[in-house]
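These notes concern the structure reproduced below.
Just so we're on the same page: letters track the sequence lines, and every chain starts at 1.
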Amino acid sequence: MASVVARNVVKAFGSTEVLHGIDVEIPDKAFVVLVGPSGCGKSTLLRMIAGLEKVTAGEISIGGQVVNNVPPKQRNIAMVFQNYALYPHMKVFENMAFSLRLAKASDEIVQEKVHAAADALNLREYLDRYPRQLSGGQRQRVAIGRAMVRDPQVFLFDEPLSNLDAKLRVQMRTELKELHQRIGGTSIYVTHDQIEALTMGDRIVVMRDGYVEQVGSPLEVYDYPNNIFVASFIGSPAMNLFAGTVTAKDGLSIVLADDGTVLPLAQGHGVSDGRRVVYGIRPEYLALSKEGQGFETEVVVVEPTGADILVIGRTAGQELRASFHDRHDFRPGQRIWLNPRLDTVHLFDQETTRRLELDEADSDLPRFRAV
Amino acid sequence: MTDRPASTTKNADEGGTDYLETIPYRVVAVYLPLGVFLFVLLFPFYWMTIATFKSNTELLTTEGFAALWIVKFTFENVERLLFQTEYPRWLVNTLFVTFTATFLSLFCAVFAAYAIEKLRYSGARLVGLAIFLAYLVPPSILFIPLATIIFKFGLFDTPFALILTYPTFLIPFCTWLLMGYFRSIPYELEECALVDGATRFQILRKIILPLAVPGLISAGIFAFTLSWNEYLYALVFISSSEVKTAPVGVVTELIEGDVYRWGSLMAGALFGSIPVAFLYSFFVQHYVSSMTGAVKE
């Protein structure tokens with residue numbers, strides 16, 4: 001097992017630079033998720049760690065050794081691909097044994113390791129089948145098994161679950177996490193699905209357009225997004241964001257949205273009046289309230305999910321999402337008042353899009369400020 | 001739980017839009033064109049076959065005989081072909097030349113196609129295009145410089161004159177066919193193998209080639225057919241009867257001045273087409289699957 005460090009890593013395809021100086025440190029035995037919208041460079045970074053793409057500038061090291069010019073086969077890594085990449089002409093056993101056979105492992109070792117991996121993944125009865133005879137979930141397990149037999153320094157996962165159907169994806173998510181807890185190898189996992197990132201990672205690296213936007217534990221990233229992008233990307237339904245100005249009104253500091261809607265703030269936040277900000281509040285922190293408390297919204301669409309009811313409304317001329325755990329009988333066109341939980345309000349600078357640190361003395365939200 | 005009623009459908013249908021197709025429609029749209037096509041394709045073979053077994057008199061006059069079938073069955077043409085010419089020898093020559101040239105070409109084409117398609121070096125596209133352009137040079141022009149080379153190397157009138165010249169059109173052809181096939185193999189398989197610790201050569205041998213078997217077979221069949229039927233080079237580069245290939249041998253030895261030995265010529269053509277037909281029928285399954293393309297997981 002080993003740590004992986006990327007230092008000022010740049011990747012350019014021709015004259016197009018796609019990664020602009022990435023610095024990421026992945027500790028030994030950690031499960032780190034690289035997440036971001038498509039085209040953000042997360043897969044490219046993973047492929048560079050795997051040695052499948054050349055490093056244009058900067059340094060990647062695995063276990064303390066710089067591997068920029070080390071071919072993939074000498075990096076002692078295992079990779080699980082999005083489309084599984086199982087060798088179609090080999091049976092499951094041979095698929096899993098392929099790397100060991102290349103390494104000229106003895107037959108006993110091959111048998112032992114493949115069977116151990118197959119047992120861990122409930123694949124024993126499928127060893128004699130061809131990949132085409134397996135379901136999607138089973139194929140994915142074979143791909144993971146193929147990675148496991150090698151005892152690699154690092155496991156790399158490139159969107160391994162995105163070809164599975166929704167239910168299976170949730171199930172495999174749990175299985176993968178459990179497997180990692182049991183085996184404990186350093187794992188780097190690429191996904192564009194922020195739910196997957198939040199649920200699986202010890203640490204999340206949020207990326208956009210070739211830059212790292214934030215690194216942190218799942219809840220840290222969720223509760224303290226560095227900037228507007230992270231705030232809107234992480235979390236589903238997404239955070240509500242309103243552009244406005246910090247203003248004093250009736251002795252209270254509020255954010256006055258651009259259309260005049262009053263958005264309440266916790267007092268003593270230390271942000272000066274007149275500052276142009278973006279006001280962020282997550283849908284689950286909006287409570288139904290009496291008229292005159294918080295702000296008003298017009299119900300446009302109601303989406304019951306069973307566990308929650310999601311209301312899509314219209315406030316300050318833009319879409320607003322609020323989710324309620326309790327049953328309410330909302331109707332389109334209805335006007336309701338929503339009161340934000342003040343200690344969960346985020347303010348971002350409009351110009352820099354960065355988060356403003358608020359002095360919230362009265363916050364009772366647990367803090368996840370660990371590095 | 002409620003029991004679902006058992007299906008009451010009496011006529012199971014084939015699915016799709018088949019129900020729209022009435023029998024007259026099918027006759028006009030499917031069977032009639034198919035019939036015409038088959039007739040056009042197969043009639044020459046039929047003609048060849050009956051000509052083989054007709055006597056010379058029957059071939060040259062329809063008086064008292066029928067044009068479209070055999071009235072008096074005879075083996076005399078076959079006999080002349082097999083025992084009065086060196087036809088068996090020519091067949092053996094053709095087989096040797098064809099197999100060697102096909103194997104040589106496939107061997108080279110596999111490496112060329114893999115390099116162009118999978119190694120992604122700069123200029124790979126250009127090389128691919130250049131190889132294709134080489135294929136476009138007509139043999140009727142190429143044989144002149146090739147003849148000089150053959151003479152200089154002292155290969156004239158030996159099987160190697162053909163074995164080494166056939167690849168000039170076989171390699172470009174096979175390379176292009178295999179490039180298309182290799183392209184259909186997902187590159188993740190190779191990347192996975194790279195990560196698994198395989199060398200390029202191991203990837204080619206253990207991943208690409210096993211998956212490209214249908215492509216190899218169709219390239220092989222095409223190469224085989226092309227060299228089996230090759231006429232020009234075989235005519236120009238070979239002069240002794242014992243080195244000739246069947247297509248050339250039959251024509252040069254069975255047309256004596258202005259006397260055409262039609263029966264034996266047809267017999268030669270008929271026996272000559274048997275190996276190719278046999279090869280096609282034997283591999284037809286693979287051949288078709290390679291035509292329909294991609295590797296399925």
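- Annotation for Ile207(B) and Met90(A): closest pair CD1-CE, 4.1 Å, computed over non-hydrogen atoms.
- For the atom pair CG (Leu189(B)) and CG (Asn83(A)), the distance works out to 7.0 Å, reported to the nearest 0.5 Å.
- Heavy atoms from other residues, nucleotides or ligands lying under 6.0 Å from OH of Tyr25(B) number 12 at most.
- Across all their heavy atoms, Pro72(A) and Leu194(B) have their closest contact at CB-O, 4.0 Å.
- Between His89(A) and Leu211(B) the shortest heavy-atom distance is ND1-CD2, 3.4 Å.
- Only the side chain of Gln202(B) comes within less than 4.5 Å of a heavy atom in chain A; its backbone stays farther off.
- The number of heavy atoms from other shown groups lying within 6.0 Å of CD1 (Ile274(B)) is above 12.
- By the 4.5 Å heavy-atom criterion applied to side chains, Tyr87(A) and Lys206(B) are not counted as neighbours.
- Between Arg47(A) and Glu191(B) there is a side-chain heavy-atom pair separated by less than 4.5 Å.
- At most 12 non-hydrogen atoms from other residues, nucleotides or ligands lie less than 6.0 angstrom from CZ of Phe99(B).
- A heavy-atom distance below 4.5 Å is not found between the side chains of Arg75(A) and Val195(B).
- More than 12 heavy atoms of other residues, nucleotides or ligands sit less than 6.0 Å from atom OH of Tyr121(B).
- Of the atoms belonging to Ala78(A), it is backbone heavy atoms, and not side-chain ones, that fall under 4.5 Å from chain B.
- The heavy-atom pair separating Arg146(A) from Cys192(B) by the smallest distance is NH2-SG, 2.9 Å.
- Taking a 6.0 Å sphere around CZ of Phe103(B), one finds it holds 12 or fewer heavy atoms contributed by other residues, nucleotides or ligands.
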